[in-house]
Amino acid sequence: MSWIDLFRNKKRNTAATAKERLQIVISHERTRQSQPDLITAMQAEILSIIAKYLGIPNDKIQEQVKVDVERRGEHSVLELNITLPESAHNKVLPKETAAEEA
Amino acid sequence: MAEVIVVTSGKGGVGKTTSSAALGTGLALKGYRTVVVDFDVGLRNLDLIMGCERRVVYDLVNVVKQEANLNQALIKDKRLEELYILPASQTRDKDALDIDGVARVIEELKAANFDYIICDSPAGIEKGALMALYFADRAIVVTNPEVSSVRDSDRILGILASKSKRAEEKLEPIREHLLVTRYSPSRVERGDMLALSDIEELLAIPLLGVIPESLAVLRASNSGIPVTFDQESDAGQAYLDAVDRFLGHKVPLRFVNTKKRTLLQRLFKAKEGATA
Ligand SMILES: Nc1ncnc2c1ncn2[C@@H]1O[C@H](COP(=O)(O)OP(=O)(O)O)[C@@H](O)[C@H]1O
Ligand SMILES: [Mg+2]
């Protein structure tokens, strides 16, 4: 079975693997400790800004605008994925210039 | 219909997280859609054992507090199609969970078509542990062959029978399963360790499996690959046997006796997992 191969490759020096994994996760957690809920705070703030500019009531924002935060690959990269609802898009456009970046 | 399984013990460090990861992996290997939920809020470790620590963005507390939805917090295993992890928060404390919030998350997981929802309990008998066991249909009581572990397991059995939802609502009781881990047949033989038969007699619940003390578990944790994937190892095989029994199959016990090698086997140096 291929799972066994997967395991074998890593079997050589698993202690070294362990150390590497721990260094990454611990350093990440230490930087986050001063800002415990950084991501949720950021998400809430982004949502409220979108709500403000699009004139969506704050309690409706969750269902109308989606903010996804993702971390991928080897680095701690945060990816924001903001989907604007149709109606909001129309509202923004008349203001011309600012619309494009959203 | 989804079943909620709590992996619990009372005592810490007996192998709950190792077993949650290994059994969850085993069920997913058999094709069951499985999610393992880390209830150890403040001390998350399931992510490390399952090798997804770098992919955690949202966690159980975020979903309980409706700061994120379930799909944002669920991490899909990279190796198995049917395996998911819901990590614990590392920055909050156990009081961040409330029973209504947890109830909602369990309902959402059921609605998401999971076959098995495995709740990895924190140690202790306080709030965190109670949250993990409250909604259980079945309980896997993880016990080491050691006095304090056996006593704490007995204590947890009492709590399952009195403080769970099934107990409070006088429904059919939680189905209990004994999982003995870190078992060392040679120490038992020398009389230094409680024997399986002693533990079974003391706790008097059906035996799900015996996992030997094994280097493979250490290597698995180091690598972030649940030991069930290491199907050549004693512990990996013992966990797979336990999964089969969990699913109702009759499987003979292995790794419970010291290996007595025949002359022929000794000559050929039979390649088998080492006995600690
Ligand atoms: N069968 C086993 N053989 C050897 N070590 C084990 C075994 N099961 C668990 N361990 C080790 O015991 C320690 C505690 O395990 P863990 O699963 O974190 O326990 P818990 O979740 O109950 O606190 C870990 O270092 C783990 O690697
Ligand atoms: Mg644990």
Side-chain angles (χ1 to χ4, degrees), chain A residues 1-48 59 61-63 65-81 83, chain B residues 25-26 28-29 42-45 47-59 61-69 71-73 75-80 83 87 89-93 96 215-233 235-237 240:
Chain A
M1 236 192 163
S2 61
W3 303 126
I4 296 174
D5 297 334
L6 172 94
F7 213 94
R8 269 218 194 104
N9 290 337
K10 299 214 173 172
K11 219 174 204 174
R12 256 172 254 141
N13 188 346
T14 61
T17 313
K19 187 177 177 197
E20 226 168 86
R21 295 175 63 221
L22 284 168
Q23 276 171 332
I24 293 163
V25 83
I26 287 174
S27 78
H28 178 73
E29 272 155 13
R30 282 195 189 144
T31 52
R32 269 193 69 174
Q33 219 135 57
S34 50
Q35 298 250 19
D37 293 303
L38 186 80
I39 289 170
T40 31
M42 196 160 67
Q43 186 197 26
E45 213 163 303
I46 291 167
L47 280 174
S48 76
D59 55 325
I61 188 79
Q62 288 273 12
E63 52 192 74
V65 181
K66 253 187 91 193
V67 179
D68 290 322
V69 191
E70 256 181 48
R71 187 144 42 91
R72 279 193 195 156
E74 295 298 296
H75 306 282
S76 297
V77 178
L78 294 178
E79 186 185 273
L80 300 184
N81 196 341
T83 322
Chain B
T25 300
L29 274 169
L43 289 172
R44 96 166 153 229
N45 271 326
D47 58 330
L48 263 180
I49 302 304
M50 298 193 69
C52 64
E53 72 278 3
R54 317 241 329 250
R55 296 163 64 207
V56 177
V57 177
Y58 294 109
D59 57 56
V61 172
N62 293 136
V63 184
V64 163
K65 296 209 172 292
Q66 294 181 289
E67 295 160 348
N69 63 42
N71 284 330
Q72 288 174 302
I75 301 174
K76 191 177 175 308
D77 187 86
K78 281 185 175 162
R79 299 151 294 216
L80 287 179
L83 185 59
S89 171
Q90 180 72 332
T91 51
R92 311 215 203 171
D93 58 58
L215 194 58
V217 170
L218 209 62
R219 291 190 178 134
S221 305
N222 282 344
S223 315
I225 306 172
V227 72
T228 324
F229 283 117
D230 188 1
Q231 290 169 8
E232 286 182 343
S233 70
Q237 292 172 22
L240 274 179

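Bear in mind the structure is a predicted one, so any value in this text is a computation, not a measurement. The chains referred to below are lettered A, B, ... by the order of the sequence lines, with proteins before strands, and numbering in each begins at 1.
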B:Glu53 side, atom CD; A:Leu22 side, atom CG - distance, nearest 0.5 Å:
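Going from CD on B:Glu53 over to CG on A:Leu22, the span is 8.0 Å.
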
Just jot down the side-chain contact (heavy atoms from CB on, under 4.5 Å) partners of B:Ala73, sequence neighbours excluded, or say none.
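With sequence neighbours excluded, B:Ala73 shows a side-chain contact (heavy atoms from CB on, under 4.5 Å) to B:Tyr58, B:Val63, B:Leu86, given in chain and number order.
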
Please rank B:Leu48, B:Asn222, B:Leu218, B:Asn71 by heavy-atom pairs under 4.5 Å with chain A and give me the top one.
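The option with the most such pairs is B:Asn222.
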
Are there over 12 heavy-atom neighbours, none belonging to B:Lys76, within less than 6.0 Å of that residue's NZ?
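Buried by this count: over 12 neighbours within 6.0 Å.
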
Please name the pair of heavy atoms, one in B:Ser223 and one in A:Thr14, separated by the smallest distance, quoted to 0.1 Å.
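Smallest interatomic distance, heavy atoms only, reads OG-CG2, 3.3 Å.
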
For A:Arg21 and B:Asp47, work out which heavy atoms get closest and say how close.
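It is NH2-O, 4.5 Å.
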
